Amino acid sequence: MKIIKQAIAGTLESSDLQVKVSPSPDDTLEIILSSEVIKQFGQQIRRVVDETLSKLQLTAGIIIIEDKGALDCAIRARLQTAVLRGAQCEELNWEQLS
Amino acid sequence: MTLRRSMLFLPGANAAMLSTAFVYKPDSIMFDLEDAVSLREKDAARLLVFHALQNPMYRGIETVVRINPLSTPFGLKDLEAAVRAGVDVVRLPKTDSAADVHQLEAEVERIERAAGREVGSTRLMAAIESASGVINAVSIATSSPRLIGIALAGFDYVMDMQTERGDGTELFYARCAVLHAARAAGIDAFDVVYPDVNDEAGFLKEVELIRRLGFNGKSLINPRQIELLHQAYAPSKEDVDYARRVIAAAEAAERDGLGVIALNGKMIDAPIVNHARRTLQRADATGIRQ
Amino acid sequence: MSDDLEFDTIQPGLHARELAEVRCLLAACQLELDANIDVFVTVRRQGQLIACAGLSGNIIKCVAIDAPWRGAALSLQLVNEIVQLAAERGHFHLFLYTRPENQRFFSSCGFYPLVEVPGHVVLMENTPVGISHYCQRLRMLRQPSNKTGCIVMNANPFTLGHRYLAEQAAAACDWLHVFVVREDVSFFPYADRYVLVAQGLSGIPNLTVHHGSEYMISRATFPSYFLKDKGIVDSCHTAIDLLLFRQYIAPALGISHRFIGTEPFCPVTNKYNEDMKYWLQQAEAKASAIEVVEIARQMRDGLPISASQVRRLLAQQDFSAIRPLVPVSTLQLLLSNYAEPEAERYG
């Protein structure tokens, strides 16, 4: 899966996160993560992000994540929503989303 | 016997609410993918609810998902998400006939099989939101063994009836019809949302009415209403004392192998015993009404 | 659960009454109603307008929140709504002008500062990697050079005057970078302007032609540039544009000199040139100074060659007068795309 158009999902309210995706000019995958709790939970968030994106088999795109203390379930959901919007994927493959 | 006094509505697109609502302790939580979610956020809400349902924080509470009607581009995808995530009950909006329930049932079974979920484990709830729905309430209520209850949805019903929400007169017949259908089918009946979250007195007045009518519970949109509702549904001391005596008599009759239960010289039959059990169940849940 | 807040959108052209309320709210917050807003997000409580935010293309402006409601969840919701609205309209990369004291609030809404005119205004964008990614790409086009120059031209259309300026600048430097203003609001569309620049400058060996960007004389960074006809000048805008150049673009390419033609006609361009000398050379900034070099325009028949003159002659379809002012490539485009068919003669 590749990001082919810009898309956005989520909000910057407390306990949520905003994910912005855009196509990669050089076909690589770049993830930029900023979080209010980056010190305590940065590693864990990163793990959830990597896991979610690899299940989606995302190979290219620029993913900007601004976390406001969201739970793992919200991180997964917002990431998947943004990526599916950006890859213009209409069909849901539930194995990739679980 | 599952207590379903309070069903808290949560807008499915609100990540903050989904992450924190478990602290309120309603009997059920309903994740709404329908009216509370704007068109542009339908996909986002679906995934939020899909993942929230699988989070341990909701393990102890009965979960319900209100999907979009199956006639919309969203309904079927919502259903896939809800069933696959292990929701307890799927709420079908705008149920007008038994056929609507059968259609839902067929899809649910298909998804259960595809996802490896125990067939029959997903329960259903029908929402009556129109004149037709009210007229067909009995056939709807008896249409499927998966149904745990039917709910009356006030806003859409009142519009279909070409009137507006007021003192309850406009809901009178619908409430009675839905209640009777539920009782005849042996399932739960749920009353409408009380929309004015600041009017506590009005809310309590409505709760008293529907409790007397016999509704099992009510849909809520504000966590503040949960405790108020539970208190209103709590039995009085007299009710509890009587219930205890009924249960004691029933247990004694069973121990002694008697076919008939007697209390104060009167015969106590099954409905009275069941009622006593429900009373004690409510007392356990909230304590005695103050 | 703020159920008592109503969010709505209004369009200035259609909703006069609501717009009047917005104007009042803005005035109460010491803001003027910008004339170029495409759409507003409004927030009402019990019918009363308490907050608004405007969108002009991909620029967020006129954000006002009634005092008692500031600092609450409402502010965040408002920005969220305007960002969502912009996304629906196809704008994902957003810019924002605000007073420096509001920078922290917008930072918590996902905006990142670009440049600040101290005490006046700060320009922000809604991504942490906008300008940095852009500069990364620019750095790849750096050339080994001791003296690197730059020209930024609109070239509306490209004339021999532009060619002359570039030749002079290239002769004075080891390498010259030429940027074409990207914003598509001039008479000649960007696509044409860029092609004419590339063709018109061919043969100069130590030169790179760059596509313009949102970070250089765009509606986002320098709106009044495009209002030259109205003679409107806003010194804050020139400062923003020039500081962006000095702090980000010039360092990425190692540019030490900026070349401009003298400006006899247009007061806006003239002011811009004067501001350039201040902001690139004198003002205190986080980056080294850039030397501004003014080169006298090439003359023809006693007049400096200018694009506005060519446009005037084009309106008169006077191609013989245009011919000596532009290179062949420009003339060819004008003849093939902009020549009107001969009118039928009657009588």
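Predicted model only: the values in this text are computed from it and were never measured. Every chain is numbered from 1, with letters handed out A, B, ... down the list of sequences.
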[X] versus chain C, the contacting section by heavy-atom distance below 4.5 Å:
| X | result |
| --- | --- |
| A:S22 | neither |
| A:Q6 | both |
| A:I32 | side chain |
| A:K68 | side chain |
| A:Q18 | side chain |

Next on the checklist: Quick check: do A:P25 and C:H133 have side-chain heavy atoms less than 4.5 Å from each other?
Outcome noted: no

Minimum side-chain heavy-atom gap C:P128-A:I64 below 4.5 Å: yes

Under 4.5 Å to a heavy atom of chain A? For C:V83 that would be side chain

Residue [X] excluded, over 12 heavy atoms near [atom1] under 6.0 Å:
| X | atom1 | result |
| --- | --- | --- |
| A:Q43 | CD | no |
| C:Q48 | CD | no |
| A:E90 | CD | no |

Between C:Y112 and A:S34 the two heavy atoms that sit nearest each other are OH-OG, 3.7 Å

Heavy atoms of C:N80 and A:T11 approach each other most closely as ND2-CG2, 3.1 Å

Residue from C:V79, C:V129, C:T127 scoring the most non-hydrogen pairs under 4.5 Å with chain A is C:V129

Ordered numerically, the heavy-atom neighbours of chain A under 4.5 Å found in residues 189-197 of chain C are none

Max heavy-atom pairs within cutoff under 4.5 Å with chain C, candidates A:S14, A:G10, A:A7, goes to A:A7

May I ask you to decide if C:N126's main-chain N or O and A:K20's side chain share a donor-acceptor pair within less than 3.5 Å?
yes

Residues at least two apart in sequence or cross-chain that pass side-chain contact (heavy atoms from CB on, under 4.5 Å) with C:R139, listed by chain then number, are C:C135, C:Q136, C:A252

The complete set of salt bridge (charged side-chain N to carboxylate O under 4.0 Å, His left out) pairs with one or both residues in residues 22-31 of chain A, sequence neighbours excluded, reads A:K2-A:D27

Hits for side-chain hydrogen bond (donor to acceptor under 3.5 Å, both in side chains) against A:R78, two or more places apart or cross-chain, chain-then-number order -> A:D16

